[in-house]
Amino acid sequence: MNVLFVIAQLDYADHIAVPFLSAIAKQRGWQTSLCVLDSDNFESILNILMPEVVAYSANVVGFNSIISAHETASRHFDFISILGGPQATFSPETFNQSKMDVYCVGEGEEAFGELLDRIKSGRSYDDIPNLITKNTTNPVRSLISNLDALPLPDRDITLSHSYLKDTPKKTFYATRGCPYKCTYCCNNHYHELYRGKGQFVRRFSVERVIAEIEYVKSRYRTDFVKFGDDCFSLKADSWVEEFADKYSKRIAIPFNCYLRLDTVDDDLLRLLKKAGCYSVHLSVDSTSKHVREKILKRNMRDIDIEATLKKIHSYGINTWVNFMLAAPESTLEDELASIQMCKKGKVTYPSYSTTVPMYGTELYDYCVAHGLLDISSHSSDLKGCSERSALTCFSAREKDVRFNIFLLGALMCKLPFPLDVLAIRMIKVIPSNVIFKKIRQIIYRYYIENKIFRLHS
């Protein structure tokens, strides 16, 4: 029996949910294949494989293209359809609109495996936890406590037949779950969904993580490793000690990971450096403590941010630091203060993004309650992170200046005095233009490819 996985597009990192679910299916004797809508002919693949199950994975951005493709395919082919991923988890109310047979909400491996077993035996799947069907909406089961019990993800399904097999960077995950509840993140919904359903933050064993990297490294080009976890580690514990020892000996490839600024200390940095850490990704979000803690609710300990950034630099680890422009109640002075913060903290690459309140988040609800959004036109598409702010609390000029910071902020952080002062005056009076945009593209590409991810020898 065949399962065809369908995603809207394949980005710079392979879609990790599909490899996990493919491994679950193969464990049960199913054949698996992948269709990427923006590059493959969906109907031709269906005609060849005639799959019993078509498993879609969708986020907000790809949802419309997936339901359009599904609507056409279901008129000509007979299969059971299931949709999982962020769209099903965070917007289960779209089930009827999707015309799917099944939605899978939350962590999907156990539910998907049980679904395949029921289909194979011809039994009803209406009562499977995590699933929404035409007859039932079931509660979620407990979170998987022992992640090592999952089979190794089938990385071949996404790597072997795509351009990703030849890209220098490969992405891996050592954990699941984030303990924090920032208002702009969908994790809050996940916390509520799984309240009382087990430990939220879990880790794979070090040996399991190393084994997966070794497998991929033995079959595909792997010059650099990115750990995509929300937070790689909160402290220098025994897991990080074991990781530093085994990774440095058996993998020995530079890597990047996410950290929380207020949990960074010398012990953690020493171990990461020993392991071969090349760069870390951090978020300040706003230089305003009020915005950071009361609006975005990062709940950071009271630390000297500049001193901590400088400490990371002293270990020879590059830093990619994100600032959110145009957050509610932020001022232009808050945004511009990031330039001096990055200079004093010796930040390698300051990254700027425009605040986009995503539907389903606490920040979205806040903006709606305070009349900061035009609901009729607002899109939760993350493309808005690289556009002018859509919030109504800022004047046109304030939006223009913030967009110029988005375009030129990384450059201004590198300019010496008084050029940085002149640049600040310039962005306040000169509208964004193709030259500004080209400068951002050049700066971004240079730092991402050379200083954050080492993609060139």
Worksheet item: If we only count heavy atoms from C-beta on, is the L296 to C182 side-chain gap below 4.5 Å?
Response: no

Worksheet item: Under 3.5 Å, is there a donor-acceptor pair between the side chain of T361 and the main chain of Y184?
Response: no

Practice prompt. Please confirm whether R118 makes a cation-pi placement over Y125, using NZ or CZ under 6.0 Å from the six-membered ring centre and within 45° of the ring normal.
Written response: no

Worksheet item: Applying the side-chain hydrogen bond (donor to acceptor under 3.5 Å, both in side chains) test to Y103, which of T137, T89, T94 qualifies?
Response: T94

Worksheet item: So which heavy atom on K197 is nearest to which on V140, and how close?
Response: NZ-O, 3.0 Å

Discussion item. In the structure I gave you, are the side-chain heavy atoms of N318 and Y349 within less than 4.5 Å of one another anywhere?
Written reply: no

Worksheet entry | Considering all heavy atoms, the nearest V216-K170 contact | CG1-CG, 4.0 Å

Worksheet item: Are the side chain of D148 and the backbone N or O of S205 linked by a donor-acceptor pair below 3.5 Å?
Response: yes

Discussion item. Please determine whether the number of non-hydrogen atoms from other residues, nucleotides or ligands lying under 6.0 Å from atom NZ of K343 exceeds 12.
Written reply: yes

Item to complete: Take the angle between the ring planes of Y56 and F42 and call it parallel below 30°, perpendicular above 60°, tilted in between.
Response: perpendicular

Worksheet item: Would a line drawn from the ring center of F232 to the ring center of Y258 be shorter than 6.0 Å?
Response: no

Worksheet item: Got a salt bridge between D156 and K26, using NZ or NE/NH1/NH2 to carboxylate O under 4.0 Å?
Response: no

Discussion item. With a 4.5 Å cut-off on side-chain heavy atoms, are S233 and L268 touching?
Written reply: yes

Worksheet item: Would a distance-only check, ignoring hydrogens and angles, find a side-chain to backbone donor-acceptor pair under 3.5 Å from N130 to V105?
Response: yes

Worksheet entry | N/O donor-acceptor pair under 3.5 Å between W320 side chain and K451 backbone | no

Discussion item. Quick check: do F90 and M358 have side-chain heavy atoms less than 4.5 Å from each other?
Written reply: no

Discussion item. I want to know whether F243 and F227 have ring centres closer than 6.0 Å.
Written reply: yes

Worksheet item: Would you call K120 and D117 a salt bridge, taking side-chain N to carboxylate O under 4.0 Å as the test?
Response: no

Discussion item. Heavy-atom count check: over 12 atoms from other residues, nucleotides or ligands less than 6.0 Å from K346 NZ?
Written reply: no

Practice prompt. Output, in order, the C-alpha distance, side-chain angles, deciding distance and verdict of side-chain hydrogen bond (donor to acceptor under 3.5 Å, both in side chains) for D126 and T133.
Written response: CA-CA 6 Å; D126 280 334; T133 70; 2.8 Å; yes

Worksheet entry | For L259 against L282, the heavy-atom pair lying closest together | O-CD2, 3.8 Å

Discussion item. For K311, is there any backbone N or O sitting under 3.5 Å from a side-chain donor or acceptor partner on S314?
Written reply: yes

Worksheet item: Does the side chain of Y247 come within less than 4.5 Å of V209's, by heavy atoms?
Response: no

Worksheet item: Heavy-atom count around R445 CZ within 6.0 Å, excluding the residue itself: above 12?
Response: no

Worksheet item: Can you check whether E93's main-chain N or O pairs, donor with acceptor, with S91's side chain at less than 3.5 Å?
Response: no

Practice prompt. Report yes or no: does K181 contribute a side-chain atom to a donor-acceptor pair with the main-chain N or O of C178 at less than 3.5 Å?
Written response: no

Worksheet item: On the ring face of Y315, is K273 found with NZ or CZ under 6.0 Å from the centre and within 45° of the axis?
Response: no

Worksheet entry | L10 to V36 - nearest heavy-atom pair and separation | N-CG1, 3.6 Å

Practice prompt. Run the salt-bridge test on K217 and E214 with the 4.0 Å N-O cut-off and return the result as yes or no.
Written response: no

Fill in: Test item: R208 side-chain N/O and L150 main-chain N/O as donor-acceptor pair under 3.5 Å
yes

Fill in: Nearest-0.5 Å distance, CG of residue L269 to SG of residue C277
8.5 Å

Worksheet item: For atom CD of E207, is the number of surrounding heavy atoms from other residues, nucleotides or ligands below 6.0 Å larger than 12?
Response: yes

Worksheet item: Under 4.5 Å between any side-chain heavy atoms of N187 and Y180, yes or no?
Response: no

Worksheet item: Would you find more than 12 non-hydrogen atoms of other residues, nucleotides or ligands less than 6.0 Å from H161 atom NE2?
Response: no

Practice prompt. Determine yes or no for a side-chain-to-main-chain donor-acceptor pair under 3.5 angstrom, with N138 supplying the side chain and I128 the backbone.
Written response: yes

Worksheet item: What are the two closest non-hydrogen atoms of T354 and S389, and how far apart are they?
Response: CG2-CA, 3.6 Å

Worksheet entry | Side-chain touch F406/S386, heavy atoms, less than 4.5 angstrom | yes

Discussion item. Looking at every non-hydrogen atom in both residues, tell me the closest pair between A174 and D229 and how far apart they are.
Written reply: N-OD1, 2.8 Å

Worksheet entry | Spacing of OG belonging to S57 relative to CG belonging to L34, to within rounding of 0.5 Å | 10.0 Å

Worksheet item: Mind checking whether M100 and I82 have side chains closer than 4.5 Å, heavy atoms only?
Response: no

Worksheet item: Does NZ or CZ of R155 fall inside the cone over Y215's six-membered ring, less than 6.0 Å from its centre and within 45° of the axis?
Response: no

Worksheet item: Is R454 salt-bridged to D223, going by a charged N under 4.0 Å from an acidic O?
Response: no

Practice prompt. Determine, stepwise, if the pair S286 / D334 fulfils side-chain hydrogen bond (donor to acceptor under 3.5 Å, both in side chains).
Written response: CA-CA 7 Å; S286 177; D334 296 332; 4.9 Å; no

Discussion item. Using a strict threshold of under 4.0 Å (side-chain N to carboxylate O), is an ion pair present between E242 and K246?
Written reply: yes

Worksheet entry | S283 side chain vs D285 backbone, donor-acceptor pair below 3.5 Å | no

Worksheet entry | R176 to Y194 six-membered ring, cation-pi geometry met (6.0 Å, 45°) | no

Worksheet item: Any salt bridge between D262 and R298, counting N to O under 4.0 Å?
Response: no

Discussion item. Is the distance between the ring centroids of W239 and F204 under 6.0 Å?
Written reply: no

Worksheet item: Salt bridge between K289 and E293, side-chain N to carboxylate O under 4.0 Å?
Response: no

Practice prompt. Count the heavy atoms of every other residue, nucleotide or ligand shown that sit under 6.0 Å from OH of Y359, and state whether that count exceeds 12.
Written response: no

